[in-house]
Amino acid sequence: MGKTVLEDGWLAARSTDVQLTGNQLTTTHPPSSDNPPWMPAVIPGTVLATLVKNNRIPDPFYGLNNEAVMDIGDSGREYYTFWFFTTFDCKLSSNQYVDLNFRGINYSAEVYLNGHETVLPKGMFRRHSIDVTDFLDPDGHNLLAVLVHPPDHPGTIPPQGGQGGDHEIGKDVATQYVQGWDWMAPIRDRNTGIWDEVSITVAGPVKIVDPHLVSSFFDDYKRVYLHSTVDLVNRSDKAANCSLSIQVSTELEGNTILVENLQTKQLSVSANSHAQYTFPELFFYKPNLWWPNGMGKQSLYNVEITVNVDGYGESDAWGHHFGFRKIQSEIDSATGGRLFKVNGEPIFIRGGNWILSDGLLRLSKKRYKTDIKFHADMNFNMIRCWAGGISERPDFYHYCDIYGLLVWQEFWITGDVDGRGDPVSNPNGPLDHELFLYCARDTVKLLRNHPSLALWVGGNEQIPPHDINEALTNDLKLHPFFLKVNETVESKEETNFTIMDPSQYLDGTRVYIKGSLWEGFADSNGGWTDGPYEIQKPESFFKDDFYQYGFNPEVGNVGMPVAATIRATMPPEGWEIPLFNKSPSGYVKEVPNPIWVYHKYIPYSKPDLVHDQILLYGKPKDLDDFCLKAQLVNYIQYRALLEGWTSRMWTKYTGVLIWKTQNPWTGLRGQFYDHLHDQTAGFYGCRHAAEPVHIQLNLDTYFVEVVNTTSGALSDVAIEVSVWDLEGACPYYEVTENLSVPSKKTLPIFEMKYPQSENPKPVYFLLLKLYKMSDFHIISRNFYWLHLPDGDYKLLEPYRKKKISLKMTSDISISGSTYEVRVNVKNISKKPDNNSSLYKNNFIDKYDSVFDFDLTSTGAIKQEAGLLQKFCNRFSRVENDGRVSEVNGTDVGVAFFLNFSVHSTKQDLKKGEDTRILPVHYSDNYFSLVPGEEMDVTISFEVPKGVTPRVSLHGWNFDSAHTVH
């Protein structure tokens, strides 16, 4: 009974190299890995992923290797038509049935099982389920072969590149980024392959198909009902008398399961027929609600549906986690932007655009978990799944549910490819509109039970063709329970009992918007009013004229990774830094090397508008110096972007989505972490700027502002302001006490008096702290490095020679292969000047004393910590040795731009080898400490087998890394 995922033991071969038929491969001549041309296959993945794994082609994401890989536009479709083969054991008992399931194939396929052929229909975004009961081998050993064909219209890549190549891919229902974009090189096989999960499911005579769960809310969210509808398929020749049960439970401490609700109903399903059944509503009183990241906990319940058949027993079972939450949106009258509400509370959207995790579709739960946790770590609350990518997978949504990321999911229409590009092409979208709609409806059924899914959007910068848009508008219409944003129904008795149960809708709970530039996004009318996408003066983000509309779905910027990533992903000729060509106007144009150009590098200057932001720190000497200075700029740019938007929260803006948060390859623009999963400093600029409660400096007005995005007012809080110069002195210090900040408001508190005072320093540090007066616990801390108007940061270059004394105390806990290192870093170059405990930076763990809900940095409820995790914890160990190390220095001053990294310690280290252990989650990084100040940083990571980790601390004031633990 149940599902078995077929993920191991797959083989692959190019179809033109195989002389056997599918019938022969799955009967008399099964292949083996030592039998050329067969090779181990990557499933899920693409043809290119398999070829890379077997060293048949160079890694297309390294250097200029992609230019050496044959493009399907030149080779023809047969070149990337591949066989995939595996075996599985399955032997059925009496009255059992088995389905072979493919959750995603690009683009079409013929399936052979033990000599039986099934032709699968076309379409990248549809599920396939084949009843193979009659095809199984009597002895239980089954041979499976799949011949996968590329998209019908893979197109060619014009010499000039372009957005979506020649746009031919738009004729198919497939991902469009694969023909290349201004941030992406072309994917040579157009993502051909078995790109999502393959499984077999065994059930009795009656199986459960696509249940739909919906919650409705009354009496100010005190009275909640769970609605559920399920499709049942009886594959036997007899009518089935069934007991259909639904159970809702939560997991408590100590492996205890609390059953919140249980209901069983009797029904009969006719022979060889399909039936739909809607359960009577389940009532809950004050259930724990699911909240987005930064608003509260992501409370999840386990819903299990089982069907028992008389004379057989349990025939099938289905389970899914479920969050009670209500998402609504409307066009805000004050700003013109779309305003989202979750559980009745307005939420200011700060998030990012997402393409996909990996351009070769090597998708895994582990990678998805890191990706989504990174977004939560940045305090983001929304991810937009861009239309030119994929409709994201259930594993992606699972972790968005866990970590509280709302998801904007688009269908597969883009303006560049579908009617608004250069040249104009495919004005009527894909050739097969019915296929598009089938894929769309199937995607809705696949994803609709996830609480993180917030809205559907027809396309990117374009509306789907009229008939498709009309069908989607009708299919995704809202149930009356979700129509009116501001209406509160006092009791269920007030509702109309003649209306259809909401779980009988295809969705009915989420708004459908026809395009990303319409209906409260950008100018609401489809004008090209998203962006900009390049470097800015940091103060520009705060100015009245920067962006005119209420919700910006795309605003982009720079994204240079650290030097170690450049060395790991490019040959030495790619380590050359740009030339800086100065124009007569005084502005600089960067000229990057050809490999950076190929990887879509975006410069740190904008001639005639923005001076080169890296050169503000002095001309970089080499790659390490360039990348370090780029991190300084990354931090400032992205913090200013989010702080500028948040400064006008609800008065001008309702939200912003940054273009984009990451790259599906080794690209060099628009990212907070690279394809290897190492964060840039911009990651931590965002993390601070998007705090639920935040203190910030308005770079245009020089007012200190407090941002409160939460539902509770702040009271009895204070602000400490300190200015530090490059000599380690504090020329300005002020404390403002007894402050109150209303909920969901950005409040200017006072104008900074420094540097308006006499003899201000040309470069100085500003430290802002918002804290509770009762116990001096820090609510928000924000550190700036600033220069006087029309100045620069070149004085920071000699500041590198300052040697600041640091003291570090660390301890480590190990659970299996997971390490958690806790480090206290203290600037001991000078004792604190005041008697308060603010220098200790004791951050509040929870805002429970202020609000009614938890507001930790990620807000994640650990839903995955089940029996296995608790078992493992018994065998974990903690090394609380309090290891102490010091960096001795002779100077007093700010320890500037400190950043941790984790490396492997190896005896046989090769020259130039990348020793980083990735990914790593840091509670903070790229931080600075004023004299006497200390900071606790938590570092967590997985260690490969046989590797000893080493945690190092780098800093602007250090010549080399210092080993901490």
Would you say the side-chain atoms of [X] pair up with the backbone N or O of [Y], donor to acceptor, closer than 3.5 Å?
| X | Y | value |
| --- | --- | --- |
| Asn381 | Arg350 | yes |
| Thr646 | Leu642 | yes |
| Asn353 | Ile658 | yes |
| Ser805 | Ser829 | no |
| Ser923 | Thr938 | yes |
| Lys807 | Val825 | no |
| Tyr653 | Asn552 | no |
| Gln631 | Met560 | yes |
| Lys769 | Ala718 | no |
| Glu751 | Ile749 | no |

May I ask you to decide whether [X] forms a salt bridge with [Y], counting only side-chain N to carboxylate O separations under 4.0 Å?
| X | Y | answer |
| --- | --- | --- |
| Asp612 | Lys629 | no |
| Asp544 | Arg648 | yes |
| Glu933 | Lys840 | no |
| Glu727 | Lys802 | yes |
| Lys803 | Asp891 | no |

When you check the side-chain N and O atoms of [X] and [Y], is any donor under 3.5 Å from an acceptor?
| X | Y | answer |
| --- | --- | --- |
| Ser605 | Gln613 | no |
| Gln679 | Tyr922 | no |
| Asn708 | Ser743 | no |
| Glu820 | Ser940 | no |
| Glu797 | Tyr799 | no |
| Asn841 | Glu934 | no |

Tell me, yes or no, whether the heavy-atom count around [X] atom [atom1], taken from other residues, nucleotides or ligands under 6.0 Å, exceeds 12.
| X | atom1 | result |
| --- | --- | --- |
| Lys537 | NZ | no |
| Lys830 | NZ | yes |
| Lys753 | NZ | no |
| Lys652 | NZ | yes |

Sequence neighbours left out, cut at 3.5 Å: what donor-acceptor pairs do the side chains of residues 786-794 make with other protein atoms?
| residue | atom | partner | partner atom | Å |
| --- | --- | --- | --- | --- |
| Asp792 | OD1 | Lys794 | N | 3.1 |
| Tyr793 | OH | Trp785 | O | 3.0 |

At what distance, to the nearest 0.5 angstrom, does [atom1] of [X] lie from [atom2] of [Y]?
| X | Y | atom1 | atom2 | answer |
| --- | --- | --- | --- | --- |
| Glu539 | Tyr702 | CD | OH | 8.5 Å |
| Met382 | Leu657 | CE | CG | 6.5 Å |
| Phe380 | Ile372 | CZ | CD1 | 12.0 Å |
| Ile812 | Ser810 | CD1 | OG | 8.0 Å |
| Ile778 | Met935 | CD1 | CE | 9.5 Å |
| Met378 | Leu405 | CE | CG | 8.5 Å |

Are the side chains of [X] and [Y] in touch, meaning some heavy atoms are under 4.5 Å apart?
| X | Y | result |
| --- | --- | --- |
| Val887 | Met808 | yes |
| Ile719 | Ile695 | yes |
| Phe900 | Val951 | yes |
| Phe843 | His777 | no |
| Thr335 | Phe551 | no |
| Val930 | Phe783 | yes |
| Asp725 | Val723 | no |
| Asp716 | Lys772 | no |

Is the [X]-[Y] ring centre distance short of 6.0 angstrom?
| X | Y | answer |
| --- | --- | --- |
| Tyr784 | Tyr764 | no |
| Phe374 | His677 | yes |
| Phe541 | Trp645 | no |

If I compare all heavy atoms of [X] with all of [Y], which pair ends up nearest, and what's the gap?
| X | Y | value |
| --- | --- | --- |
| Phe546 | Gln536 | CE1-OE1, 3.6 Å |
| Leu898 | Gly955 | CD2-CA, 4.0 Å |
| Lys744 | Trp650 | O-CD1, 3.2 Å |
| Trp291 | Val342 | CZ3-O, 3.5 Å |
| Phe703 | Pro748 | CD2-CB, 4.0 Å |
| Ser901 | His954 | OG-NE2, 3.3 Å |

Margin query: Does Thr565 form a side chain to side chain donor-acceptor pair (under 3.5 Å) with Asp678? I'd like the steps, not just the answer.
Written below: CA-CA 8 Å; Thr565 291; Asp678 200 354; 4.6 Å; no
Item checked: Evaluation steps, side chain to side chain donor-acceptor pair (under 3.5 Å), between Arg950 and Ser952 -> CA-CA 6 Å; Arg950 171 174 52 88; Ser952 297; 2.9 Å; yes
Next item on the list: For Phe765 and Leu726, run side-chain contact (heavy atoms from CB on, under 4.5 Å): C-alpha distance rounded to whole Å, both residues' side-chain angles, the deciding distance at 0.1 Å, then the answer.
Entry: CA-CA 8 Å; Phe765 303 112; Leu726 299 184; 3.6 Å; yes
Check: Step by step, would you call Asn379 with His694 a side chain to side chain donor-acceptor pair (under 3.5 Å)?
Finding: CA-CA 11 Å; Asn379 288 312; His694 180 62; over 6 Å; no
Note to self: Let's go through Glu705 and Gln696 carefully: what are the C-alpha distance in whole Å and the side-chain angles of both, what is the deciding distance for side chain to side chain donor-acceptor pair (under 3.5 Å) to 0.1 Å, and is it a yes or a no?
What the structure shows: CA-CA 5 Å; Glu705 301 171 337; Gln696 65 184 40; 2.9 Å; yes
Item checked: Passing option when Phe672 is tested against Trp354, Tyr638, Tyr635 for ring-ring contact (aromatic ring centres under 6.0 Å, His included) -> Tyr638
Note to self: A cation-pi test, strictly: NZ or CZ of Arg687 under 6.0 Å from the centre of the six-membered ring of Tyr926 and no more than 45 degrees from its axis. Yes or no?
What the structure shows: no
